[in-house]
Amino acid sequence: MTVMLQARISDKIHFLGFNDRRTHLFENLWPIPRGVSYNSYLITDEKIAVVDTVDKQFTDEFLDQLEILTGNRPVDYLIINHMEPDHSGALQALVARYPSIILVGNKKTFGLVESFSRKPVRIFEVGDNDRLDLGFHTLLFRTIPMVHWPETMVTFEPNLGLLFSGDAFGSFGTLDGAVFDDELDPGFLEPEMMRYFTNIVGKYSAHTRRAIAKLGDWEIKTIAPVHGPVWRSNPGWVIGRYDRWSSHDPEKGVVIVYGTMYGHTQQMAELLARRLVERGIREIRVYDASKTHLSYLINDVFRFRGFIAGSCAYNNELFPPVQALIQALGHMGLKNHLLGIFGNFLWSGGGVKNLLPFADNPGWELVHEPVEEKGALRAETAGALQRLADAMAERLG
Ligand code: FEO
């Protein structure tokens with residue numbers, strides 16, 4: 001019984017995808033409660049080409065379906081837009097089944113092929129704007145480094161205006177019967193698409209913007225990414241989302257994340273949230289860092305301009321879940337963000353003093369001096385928290 005998704009993009013171009021609803025953590029790190037799809041593409045021209053493969057778990061069925069669709073003709077080329085294993089998982093098996101296959105990649109691709117398995121035998125190295133003629137179809141290539149690995153490139157079929165985009169313009173979320181954007185509700189997909197962007201590609205926002213600019217002279221009519229739907233009706237929708245998210249122009253709103261053991265830091269967070277509402281802020285998210293996965297915290301901090309971080313002291317350090325968030329955010333290069341800091345301790349500090357260095361990151365503006373309490377909240381500290389919330393609301397405008 002097949003679990004593979006198949007659809008035709010054109011007479012000779014097939015979509016071959018798998019829905020992964022079993023994996024809990026993408027990259028063994030990011031929760032995917034709504035799953036993810038791995039998309040590969042087959043071009044059956046005078047020469048036969050496969051564009052990227054799929055995750056290793058789907059290798060057997062992927063190869064079987066290729067054999068059916070190609071009518072037992074050998075596959076001539078494997079275009080490797082991206083070597084991360086969710087797309088190169090079937091590479092070695094493909095080479096084993098089609099020993100004459102030529103691997104097509106750029107100068108950074110083949111070292112990664114060797115790192116994962118062995119030195120490739122037959123390769124065709126391409127650079128920006130190089131061509132590969134398959135018969136009716138011509139493929140053009142351009143690198144888009146760091147979207148999402150150094151070797152990443154895209155492949156363009158100019159007759160159809162079809163862009164094989166790799167991770168770019170991809171999304172978490174399975175394809176529940178749909179393959180094309182006009183077969184689903186993009187609004188339902190958007191939160192998972194944004195979390196995919198902020199978790200996987202967001203750190204490379206500048207590279208994403210360079211990639212979008214680099215592809216600007218191609219007349220793109222359809223985008224075929226390796227995750228999520230094929231965008232044939234409205235590719236501008238997904239390009240627009242990626243453009244907006246990578247622009248570091250966050251929305252008006254505040255994320256409050258706190259770490260607490262005995263509830264004192266939560267008490268401070270609740271007061272901050274209430275005051276922000278009184279000051280007219282409507283987009284407020286309050287999270288206990290122990291309960292909400294880092295993936296969602298990163299996503300919302302990325303999304304909203306205001307971030308107020310609170311931590312209790314833990315062995316003179318930050319509370320570990322808050323530490324993990326702060327460390328992750330420090331690597332993301334966010335810009336145009338407003339910061340507030342608060343904390344609590346009982347016998348020794350550790351929360352506020354270890355949050356403060358985060359304020360030195362470029363792109364962050366500390367809106368008020370940190371507020372720290374020893375144990376239960378006193379009226380004087382409550383007043384300071386209100387002033388912190390006021391300062392945040394005023395800066396948000
Ligand atoms: Fe979907 Fe960077 O791999």
Side-chain angles (χ1 to χ4, degrees), residues 4-5 15-41 50-59 62 78-92 94 103-106 108-113 115-117 141-155 163-175 179 189 192-208 210-212 215 223-231 238 241-242 245-246 295 298-299 328 331-332:
M4 178 174 245
L5 293 165
F15 166 98
L16 304 176
F18 289 91
N19 284 319
D20 182 356
R21 297 190 178 89
R22 288 194 178 189
T23 301
H24 288 271
L25 296 174
F26 187 79
E27 296 181 338
N28 210 18
L29 185 59
W30 310 107
I32 44 172
R34 283 170 54 185
V36 68
S37 74
Y38 312 109
N39 309 340
S40 171
Y41 299 92
V50 169
V51 183
D52 291 314
T53 69
V54 292
D55 191 81
K56 193 170 190 170
Q57 61 183 305
F58 300 109
T59 297
F62 175 68
L78 170 63
I79 316 299
I80 306 173
N81 279 335
H82 185 23
M83 263 305 292
E84 194 167 9
D86 48 337
H87 313 297
S88 64
L91 187 154
Q92 284 309 314
L94 195 67
L103 305 187
V104 180
N106 60 76
K108 292 189 174 168
T109 307
F110 303 114
L112 282 165
V113 175
S115 297
F116 277 104
S117 51
F141 307 95
R142 281 183 189 167
T143 58
I144 53 164
M146 303 318 298
V147 190
H148 134 248
W149 274 13
E151 92 300 1
T152 310
M153 67 179 195
V154 295
T155 300
L163 180 72
F164 299 101
S165 65
D167 276 345
F169 312 118
S171 175
F172 285 150
T174 49
L175 297 168
V179 168
L189 192 65
E192 283 299 87
M193 174 174 282
M194 184 177 191
R195 198 165 60 85
Y196 173 81
F197 175 82
T198 57
N199 288 188
I200 308 296
V201 187
K203 174 178 164 57
Y204 306 112
S205 287
H207 299 82
T208 303
R210 279 197 284 277
I212 291 172
L215 307 180
I223 295 177
V226 286
H227 303 290
V230 174
W231 300 85
V238 68
R241 291 302 187 277
Y242 266 65
W245 295 331
S246 63
S295 167
I298 288 172
N299 186 72
H331 293 148
M332 290 195 68

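Order of listing sets the numbers, starting from 1, for every ligand and every atom in it.
- Under the 4.5 Å side-chain criterion, counting only non-hydrogen atoms from C-beta, His87 is in contact with Asp167.
- Here the side chains of Ser40 and Val50 are in contact, with some heavy-atom distance below 4.5 Å.
- Here the straight-line distance linking atom CD1 of Ile80 with atom CG of Leu112 works out to 9.5 Å at 0.5 Å rounding.
- Excluding water, every protein N/O/S atom under 2.8 Å from atom 2 (Fe) of ligand 1 is given here by residue and atom: His82 NE2, Glu84 OE1, His148 ND1, Asp167 OD2.
- The shortest heavy-atom contact between Gln57 and Thr23 is NE2-OG1, 3.9 Å.
- Considering Phe197, Phe18, Phe26, Phe172 as possible partners of His227, the one that fulfils the ring-ring contact (aromatic ring centres under 6.0 Å, His included) test is Phe26.
- Residue Phe169 holds its CZ atom at 11.0 Å from CH2 of Trp231, rounded to the nearest 0.5 Å.
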